[in-house]
Amino acid sequence: MKKLLALLLATAPASALANPACPVCTIAIGASLEIARHMGVPDSVVGLWAGALLALLGYWAIKFCDKRGWNWRGRNPMLIVLSVAMIGFVYLGRVKYNPQMICGTFVMDPVLFGTICGAILFILVEKLYDFMKARNGGHAHFPFEKVVLPVVALALASWAMVVCM
């Protein structure tokens, strides 16, 4: 229980210091999710990228509120949770809730599992990038590091989900 609480606290979003990703990349990810489902990509992998996209939208909401000066207690975690919880709307459409065995350990819907993993992974990678940038004097180590880190992490997690499922 303490490990779960520590994981949740580690993924709690902090204030948005910069724009987490470019709008073009965000739109491309969103459009590619539906295409991936039609191409036969496993639902857990689609959910992984959808979770990262929804966490990114939560960071954008935080940035939007910062620009407007809208601050209230618990704003950042609430906005992230609400944005990631939007995955529930996918079950109102064409996707049916279909619980399956995940890695032989527990039963959960693959889209929901992937979404939760993708959101947590994206938040952790953003925190890792902020840490690495701070240790490097406020500069990225290489061009587009902010884009490369989440894409590589999500690609590795996608591969792990395909192998595990």
Side-chain angles (χ1 to χ4, degrees), residues 1-36 41-42 44-90 103 111-164:
M1 185 65 177
K2 288 183 182 181
K3 289 182 181 180
L4 178 62
L5 181 61
L7 176 67
L8 290 175
L9 290 175
T11 60
S15 62
L17 301 175
N19 194 356
C22 69
V24 175
C25 300
T26 304
I27 299 301
I29 291 171
S32 65
L33 293 176
E34 187 63 26
I35 295 169
V41 176
S44 59
V45 174
V46 172
L48 182 80
W49 289 84
L53 173 68
L54 292 173
L56 175 63
L57 292 177
Y59 274 110
W60 278 11
I62 291 169
K63 188 167 177 70
F64 177 80
C65 289
D66 284 344
K67 284 184 180 178
R68 301 284 189 269
W70 299 342
N71 296 312
W72 64 87
R73 187 175 178 194
R75 180 196 70 178
N76 294 357
M78 183 189 77
L79 289 174
I80 293 290
V81 167
L82 286 175
S83 67
V84 174
M86 286 191 295
I87 195 65
F89 289 115
V90 79
C103 296
V111 175
L112 185 59
F113 175 72
T115 301
I116 293 168
C117 291
I120 290 172
L121 182 64
F122 184 81
I123 291 168
L124 289 174
V125 168
E126 284 300 314
K127 287 184 177 226
L128 173 67
Y129 172 73
D130 288 339
F131 172 76
M132 289 170 53
K133 186 176 172 184
R135 299 264 327 241
N136 196 33
H139 295 79
H141 292 86
F142 54 89
F144 300 105
E145 180 181 22
K146 189 173 196 113
V147 175
V148 170
L149 285 177
V151 169
V152 168
L154 288 167
L156 290 173
S158 297
W159 172 79
M161 282 192 169
V162 169
V163 169
C164 185

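As the structure is a prediction and not an experimental result, all values here were calculated from the model.
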Checklist entry - Is the side chain of S83 donor-acceptor paired with the backbone N or O of L54 at a distance under 3.5 Å, no angle test? => result yes
To the nearest 0.5 angstrom, please state how far the [atom1] atom of [X] sits from the [atom2] atom of [Y].
| X | Y | atom1 | atom2 | answer |
| --- | --- | --- | --- | --- |
| L149 | L124 | CG | CG | 12.5 Å |
| K63 | N76 | NZ | CG | 12.5 Å |
| I116 | L48 | CD1 | CG | 11.5 Å |
| E126 | L121 | CD | CG | 10.5 Å |
| F64 | L57 | CZ | CG | 13.5 Å |
| W72 | L79 | CH2 | CG | 5.0 Å |

Atom of [X], atom of [Y] and distance for their closest heavy-atom approach:
| X | Y | value |
| --- | --- | --- |
| A140 | K133 | N-CG, 4.3 Å |
| W70 | R75 | O-NH1, 2.8 Å |
| A153 | V125 | CB-CG2, 3.6 Å |
| E145 | M132 | OE2-CE, 3.0 Å |

Item to check | CA sep, side-chain torsions, deciding dist, call: I87, L112, side chain to side chain contact (heavy atoms under 4.5 Å, CB included) | outcome: CA-CA 7 Å; I87 195 65; L112 185 59; 4.1 Å; yes
Item to check | More than 12 heavy atoms from other groups under 6.0 Å of CZ on F131 | outcome: no
Checklist outcome for this item: In I120, T115, L53, the residue satisfying side chain to side chain contact (heavy atoms under 4.5 Å, CB included) with V84 is T115
